[in-house]
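One structure is given here, and the rest of the page talks about it.
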Amino acid sequence: MSLRKIAACLIVGSAVAVSGLAMAQAPQFFRIGTGGTAGTYYPIGGLIANAISGSGEKGVGGLVATAVASNGSVANINAIKARSMESGFSQSDVAYWAYTGTGLYQDQGKVEDLRLLATLYPETIHLVAAEGSGIQSVADLKGKRVSLDEPGSGTIVDARLVLGAFGLTEDDVEAEYLKPGPAGDRLRDGALDAYFFVGGYPTGAISELATSSGISLVPIKGPEIDKLLAEYSFFSKDTVPAETYSGVGETETIAVAAQWVTSAKVDEELVYKIIDVMWNDASRASLDAGHAKGKLIKLETATTGLGIPLHPGAERYYKEKGVLK
């Protein structure tokens with residue numbers, strides 16, 4: 001073989017090797033739909049994305065995970081269904097309705113491919129009112145200026161259920177549809193009387209508002225709520241401890257569960273690796289240090305309150321660890 005041919009073969013061989021190396025190192029992207037940047041989903045999503053990204057013991061090799069701000073539960077599930085998002089956070093009630101084609105999804109059909117990766121932590125329903133507003137119960141919202149959160153969020157679904165438990169509808173209040181940040185701004189400026197927010201406490205936007213302007217948390221309790229809990233098993237009683245928000249006493253309310261969901265179409269082996277990293281020591285340390293709700297995200301509660309089927313990759317992991325029988 002001539003020197004020219006040998007050189008040509010070496011060049012071609014090198015190109016193939018480089019091409020193969022590039023393919024081997026091509027990153028795999030995994031998006032996590034969260035919520036508004038002022039809520040709890042977004043920072044928790046960032047912690048999980050950082051934990052599962054990377055290589056070796058620090059993450060899943062070749063995986064680039066990102067937390068994506070969104071309108072919340074409904075928007076995330078719709079994005080998973082449309083395959084524009086690989087995963088996302090959802091309230092347990094919204095996930096159940098989507099999978100079964102009931103409630104909020106009664107006219108939209110079932111999202112049959114929806115699968116659970118992990119149950120994360122309780123999500124508390126906050127009813128935040130301006131300090132001195134005189135709003136002491138849900139019934140007092142009648143005729144008031146109230147934000148129910150944006151369409152597409154899980155909060156608006158639960159706000160409607162809570163109002164309904166007290167015989168109220170959106171027509172009985174001056175309804176607005178704002179995320180927690182803008183709603184807090186309007187409350188501070190006197191342009192809003194109260195707003196609903198569903199998320200883990202403490203949440204930054206409410207903490208800032210309590211410190212700067214003063215707020216009250218309206219209790220969500222009573223026989224009306226007992227009836228609501230009996231009708232919808234995904235609700236549970238909850239209590240916001242005193243001084244969780246500056247100047248606010250202990251407040252009885254209700255909660256749903258925050259869940260991390262995906263599609264059945266996502267590769268089983270990839271999900272297994274993600275869940276494996278999710279519960280390693282490095283991820284545990286990151287969750288504990290990164291957010292107050294991070295400490296509540298535990299392996300032993302990851303399969304509680306399912307409502308929808310586990311993804312096969314997650315199910316295999318939890319069975320191996322003895323969390324799921």
Side-chain angles (χ1 to χ4, degrees), residues 35-36 38-39 71-75 91 93-94 96-97 102-108 123-199 201 203 205-206 209-210 213-240 245 248 251-256:
N71 280 351
S73 300
V74 175
Q91 294 170 200
D93 51 350
V94 179
Y96 172 80
W97 285 330
T102 58
L104 186 65
Y105 280 78
Q106 186 171 358
D107 298 326
Q108 301 182 45
E123 290 200 277
T124 304
I125 300 184
H126 296 68
L127 178 50
V128 184
E131 192 173 39
S133 65
I135 300 173
Q136 298 181 353
S137 77
V138 176
D140 294 334
L141 293 177
K142 188 172 183 178
K144 301 292 187 180
R145 300 163 298 178
V146 184
S147 176
L148 309 181
D149 210 320
E150 289 183 336
S153 69
T155 297
I156 195 171
V157 180
D158 291 331
R160 287 167 174 160
L161 288 175
V162 170
L163 288 174
F166 287 83
L168 301 176
T169 69
E170 287 164 84
D171 293 335
D172 295 310
V173 301
E174 292 184 29
E176 297 196 32
Y177 305 93
L178 305 168
K179 295 304 286 183
D185 291 341
R186 288 180 63 81
L187 195 79
R188 182 187 295 108
D189 295 340
L192 195 68
D193 298 306
Y195 70 92
F196 284 91
F197 169 74
V198 179
Y201 59 76
T203 186
I206 299 176
L209 188 63
S213 302
I215 62 166
S216 65
L217 279 186
V218 181
I220 301 177
K221 64 177 184 177
E224 299 89 350
I225 294 302
D226 292 339
K227 184 178 178 181
L228 184 70
L229 266 62
E231 186 175 357
Y232 296 104
S233 59
F234 45 74
F235 284 130
S236 61
K237 289 188 177 182
D238 196 9
T239 300
V240 180
Y245 301 107
V248 179
T251 307
E252 293 181 54
T253 183
I254 58 176
V256 292

Can you tell me how far [atom2] of [Y] sits from [atom1] of [X], rounded to the nearest 0.5 angstrom?
X	Y	atom1	atom2	answer
I215	Y195	CD1	OH	6.5 Å
K142	K144	NZ	NZ	12.5 Å
E174	L192	CD	CG	10.0 Å
I225	S137	CD1	OG	10.0 Å
K221	L229	NZ	CG	14.0 Å

Original post:
Minimum heavy-atom separation for L187 to A130, with atom names?
Top reply: CD1-N, 3.7 Å
Original post:
Minimum heavy-atom separation for T124 to A255, with atom names?
Top reply: CA-CB, 4.0 Å
For [X], salt bridge (Lys or Arg N to Asp or Glu O under 4.0 Å) partners two or more places apart:
X	result
D172	none
K237	D226
E170	R160
D140	none

Subject >> Within residues 125-166 or reaching into it, pairs that qualify as ring pair (Phe, Tyr, Trp, His ring centres under 6.0 Å) - sequence neighbours excluded >> reply: H126-F197, H126-Y245
Original post:
Considering residues, nucleotides and ligands other than E252, do more than 12 of their heavy atoms fall under 6.0 Å from its CD?
Top reply: no
Side chain to side chain donor-acceptor pair (under 3.5 Å) involving [X] - partner list, sequence neighbours excluded:
X	answer
T102	T100
Q91	D93, D158
D193	R145
T203	none

**OP:** Show your working on side chain to side chain contact (heavy atoms under 4.5 Å, CB included) between L148 and L163 and close with a plain yes or no.
**Re:** CA-CA 10 Å; L148 309 181; L163 288 174; 4.1 Å; yes
Subject >> Qualifying salt bridge (Lys or Arg N to Asp or Glu O under 4.0 Å) pairs, either residue in residues 175-187, two or more places apart >> reply: D149-K179, E176-R186, D185-R188
Side chain proximity check, [X] to [Y], heavy atoms < 4.5 angstrom:
X	Y	answer
V162	I254	yes
V240	V248	no
L217	T253	no
I156	F196	no

Original post:
With sequence neighbours excluded, what pairs up with Y232 under the ring-ring contact (aromatic ring centres under 6.0 Å, His included) test?
Top reply: F234
Subject >> Qualifying residues under side chain to side chain contact (heavy atoms under 4.5 Å, CB included), relative to A194, sequence neighbours excluded >> reply: L127, A129, I135, L141
